[in-house]
Amino acid sequence: MLTSADYSALWLTFKVASLTTLILLILGTPVAWWLSNTQSRWKPLLSALIAVPLVLPPTVLGFYLLVLMGPEGALGRFTDAIGLGTLPFTFTGLVFASCIYSLPFVVQPLQNAFEAIGPRPLEVAATLRASPIDSFFSVTIPLAKPGFFTAGILGFAHTVGEFGVVLMIGGNIPDKTRLVSVQLYNHVEALEYTQAHWLAALLLGFSFLVLLVMYTVIKTPLRVQHV
Amino acid sequence: MSERAEATASTEKDSIKFHFQLQRDEFSLDVDGSFSGRGVTAIFGHSGCGKSTLLRCIAGLEKPQIAFFQVDQSVWEDSSQSTRLPTHQRPIGYVFQEASLFPHLSALKNLQYGQKRCGQSQNNDQLEQVIDLLGIENLLHRKPDRLSGGERQRVSIARALAVCPQLLLMDEPLSALDMKRKREILPFLERLHQELAIPVLYVTHSPAEVRRLADNLVVMDSGKIIASGKLTETEQYLDDSHLF
């Protein structure tokens, strides 16, 4: 069965993924909202930037993040100056990198959900005396609920599955930065195939379950209702 | 302006004054005139003539290049002074073509959405009156997807009235409904006509609805007003419009 090192990796993965998802839902919402409403000429640029982690090899992303967060990098100097030290090989660094890595998986479902709502419900809300901020909370967010659900699930599941980025910036420090995907790799390296089977099956089951729940709960994802 | 002023001869009773110019790629709206502060004024014309756009300008849902709108003594919008009330600060009720109820709220919660936000939340008599007027007491606890098209439109009319508007704007409220639903709602609209003290602007392309509901008529074509006045004086345009 699972060893205590396995449990520790699982728990750490859960913490990183939860925190990342929470941060991304909070930061991704205004970004997705802006993207779904703007006609700015900067929109393609920002959309492309956000989508980069979808196609980039994770090791490339990890490499640049390592350089950026290192003692000579812009972010590294900043975090050092405010007394946080440098972020590579720390939990904070992992969460930061995961946020970049999983950003498109949260922003895109939210953006789709906001776009599917369309302008009409907000016009209705305005004629019923709701200010734009009021109607965002009382109309947009409730109507975009399936989008938030999808964004949360995809963001979480994708973060659990990260490997290349973690290896680059998280290293392999037990209890600190050793996530479950790296732990699986360690088992295979050490030819501990039984252990590897347990972890791999667990991750496979988790991924399948998550998607099953998503497709069961959101039977008609992001449907526009004109009632 | 002078030639239009003749066509839209404003009488002193008219307390709603407007002037809008809106340019779009394929369309321009250029209207200047006044509405009566009482009764139902139908804004009539074939589709694409700009009647809905005019209504949206009045509600502040469009941003015309030139805009002036005044009800009694209060100016809602004057582009020459750069004053403009945003939609949510205009004392209007707006009924959209399709009912547009919030799908995540029950009929009652839909009614209360606006009522809460216009400082009327304590005024339950007023809400009850509106519910009674539209005959929707049995529908209040249903979600919009459990209501028929006609019921939804009645709830959305009630919702527009629950904010105690000073001006009711209705954008083809019957056009999305079949004949049977139309006949179901028309009596309620006639009741509104009799019981409401506020002016109503009613956009429609149906001569029958104009004859049944309106006191005054504004006829539009190609983004311009071509006639306006009491229905008795302008009724011939309803038949002319078949020529368009």
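In what follows, chains carry the letters A, B, and so on, assigned in the order in which the sequence lines appear, proteins first and then strands, with residues in each chain numbered from 1.
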### Query
Looking at B/Arg159, B/Gln89, B/Arg90, which one has more heavy-atom pairs under 4.5 Å with chain A than the rest?
B/Arg159
### Message
What I'd like to find out is whether the side chain of A/Lys145 reaches to under 4.5 Å of the side chain of B/His104, using heavy atoms alone.
### Response
no
### Message
More than 12 heavy atoms of other residues, nucleotides or ligands under 6.0 Å from CZ of A/Phe163: yes or no?
### Response
yes
### Query
How about A/Phe206: does its CZ atom have over 12 heavy atoms from other parts shown lying under 6.0 Å from it?
yes
### Message
Does atom CZ (A/Phe14) have a neighbourhood of more than 12 heavy atoms from anything else shown, all under 6.0 Å?
### Response
no
### Query
Can you find a pair of side-chain heavy atoms, one from A/Glu123 and one from B/Tyr94, that are under 4.5 Å apart?
no
### Message
I'd like to know whether CD1 of A/Ile133 has more than 12 heavy-atom contacts from other residues, nucleotides or ligands below 6.0 angstrom.
### Response
no
#### Entry: Greater than 12 external heavy atoms within 6.0 Å of B/Arg38's CZ
no
### Query
How far apart are the C-alpha atoms of A/Val124 and B/Tyr113, what are their side-chain angles, what is the distance that settles it, and do they pass the side-chain contact (heavy atoms from CB on, under 4.5 Å) test?
CA-CA 11 Å; A/Val124 174; B/Tyr113 185 95; over 6 Å; no
### A/Arg129 side-chain N/O to B/Ile92 backbone N/O, donor-acceptor pair under 3.5 Å
yes
### Task
Against chain A, label B/Arg56 side chain, backbone, both or neither, depending on which of its atoms sit under 4.5 Å from a heavy atom there.
side chain
### Task
Could you walk me through whether A/Leu128 and B/Arg117 pass the side-chain contact (heavy atoms from CB on, under 4.5 Å) test, one step at a time?
CA-CA 7 Å; A/Leu128 296 170; B/Arg117 286 169 170 78; 5.8 Å; no
### Summary
Heaviest contributor of heavy-atom pairs below 4.5 Å to chain A, chosen from B/Ala59, B/Pro91, B/Pro165, is B/Pro91
#### Entry: Whether over 12 other heavy atoms sit under 6.0 Å from B/Arg146 CZ
no
### Query
For chain B, which of A/Pro132, A/Ala125, A/Ala130, A/Pro142 has the most heavy-atom pairs under 4.5 Å?
A/Ala130
### Message
Are there over 12 heavy-atom neighbours, none belonging to A/Trp198, within less than 6.0 Å of that residue's CH2?
### Response
no
